[in-house]
Amino acid sequence: MENTQRITVASRRLRRTCTVLIFLLPFISALFWSFFNKLFDPASSIPTSMVPLPVPVTQNLPGLIRLGAFVTEMIPLAAMIYGLVKLRELFGLYEQGLIFTEKNVACFRSLGRTLIIWVICDVVKNSLLSIVLTLPNPPGHRMITVGLYSADFTATFVGIVILIIAWVMDEARKIQEDQALII
């Protein structure tokens with residue numbers, strides 16, 4: 001199989017994977033918050049450290065609090081879904097054999113920006129989630145957390161790298177177009 005065919009096949013698979021994830025991620029988040037009390041029950045066999053929360057949860061959460069937590073969780077998830085939409089678009093272009101086009105560069109730019117925005121949304125989500133999860137606590141026992149983790153710095157760095165790659169790709173695309181016009 002030649003390289004372009006392998007690129008087409010791999011791109012088709014990744015485009016389909018992105019499509020599945022676009023619908024699956026919000027569904028999994030909704031399931032998680034729907035069954036939160038069962039998962040975080042002290043008698044549960046599931047270790048609570050598997051799902052990091054910004055604050056410890058020591059009691060069952062009412063439905064309205066879990067709904068608020070789900071809505072809060074959707075903030076960075078919306079950025080992630082947008083990134084998956086752009087990745088799906090990029091893999092669709094690769095599937096069609098379009099490598100150095102303006103649309104590819106636009107997808108890369110969007111991905112870089114989205115990654116940086118996702119980090120900001122994740123920081124906001126953790127702060128809001130700490131408030132939402134401690135609302136059932138009595139006054140004086142509610143918390144707000146603000147934090148940046150090493151993964152946030154890594155994701156920001158990768159977002160900047162992707163933006164620079166998009167810039168370089170755009171310059172390469174312009175050179176390719178100029179050379180195509182020279183007879």
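Just so it is clear, the structure is predicted and the values come from calculations on it, not from any experiment. Quick note: residue numbers are just sequence positions, from 1.
Checked against V55 for a side chain to side chain contact (heavy atoms under 4.5 Å, CB included), the options L129, I131, T134, V132 give a single hit: T134. Partner of L90 under the side chain to side chain contact (heavy atoms under 4.5 Å, CB included) criterion, out of C107, S110, C18: C107 alone.
Contact check for Y82 versus K86: side-chain heavy atoms found under the 4.5 Å cut-off. At a threshold of 4.5 Å between non-hydrogen side-chain atoms, the residues M74 and L77 count as touching. Side chains of Q176 and Q179 form no contact here, defined as non-hydrogen atoms less than 4.5 Å apart. Side-chain contact between I165 and V161: present, with at least one pair of heavy atoms (C-beta onward) separated by less than 4.5 Å. I120 is not listed as a side-chain neighbour of V123, based on a closest heavy-atom distance of 4.5 Å or more. By the 4.5 Å heavy-atom criterion applied to side chains, N137 and Q59 are counted as neighbours.
The CZ atom of F157 lies 11.0 Å from the CD1 atom of I162; values are rounded to the nearest 0.5 Å. Here the OG-CZ distance, from S34 to F32, works out to 10.5 Å after rounding to the nearest 0.5 Å. Taking CG of L98 as the start and OG of S11 as the end, the distance is 10.5 Å to the nearest 0.5 Å. Once rounded to the nearest 0.5 Å, the distance linking CG of L135 with CD1 of I65 reads 4.5 Å. Note that OG1 of T17 and CG of L24 are 11.0 Å apart. Values are rounded to the nearest 0.5 Å.
Using bins of under 30°, 30° to 60° and over 60° for the plane-to-plane angle, the ring pair F36/W33 lands in the parallel bin.
Closest of all the heavy-atom pairs between G92 and R15 is CA-CD, 3.7 Å. Closest of all the heavy-atom pairs between M143 and P56 is CE-CD, 4.2 Å. Y94 and T8 get closest at one heavy-atom pair: O-OG1, 4.4 Å. Across all their heavy atoms, N126 and T145 have their closest contact at O-OG1, 3.7 Å. In terms of heavy atoms, C121 sits closest to P76 at CB-CA, 3.7 Å. The shortest non-hydrogen separation linking L148 to F153 is CD1-CZ, 3.9 Å.
For E171, the CD atom counts as densely surrounded, since its 6.0 Å shell holds more than 12 non-hydrogen atoms of other residues, nucleotides or ligands. Within 6.0 Å of CZ in R12 there are more than 12 heavy atoms belonging to other residues, nucleotides or ligands. Sparse packing is recorded around CG of L64, with 12 or fewer heavy atoms of other residues, nucleotides or ligands lying under 6.0 Å away.
For D170, the salt bridge (Lys or Arg N to Asp or Glu O under 4.0 Å) partners at least two apart in sequence or on another chain are R109, R173, K174. For the salt bridge (Lys or Arg N to Asp or Glu O under 4.0 Å) test, no residue two or more places apart in sequence or in another chain qualifies with K103. Residues passing the salt bridge (Lys or Arg N to Asp or Glu O under 4.0 Å) test with K125 are E73, D122, sequence neighbours excluded.
L93 and I7 fall into different hydrophobic clusters, defined by Ile, Leu, Val, Met, Phe, Trp and Tyr side-chain heavy atoms under 4.5 Å apart, directly or through other members. In this structure, M169 is a member of the same hydrophobic cluster as L111, with clusters built from ILVMFWY side-chain heavy atoms closer than 4.5 Å. In the hydrophobic cluster analysis, where Ile, Leu, Val, Met, Phe, Trp and Tyr join through side-chain heavy atoms closer than 4.5 angstrom, V168 is grouped apart from F108. Linking ILVMFWY side-chain heavy atoms closer than 4.5 Å, directly or via other members, places V20 and M80 in two distinct hydrophobic clusters. Linking ILVMFWY side-chain heavy atoms closer than 4.5 Å, directly or via other members, places F100 and L87 in a single hydrophobic cluster.
Side-chain atoms of T156 come within 3.5 Å of backbone atoms of D152 as a donor-acceptor pair (strictly under, hydrogens ignored).
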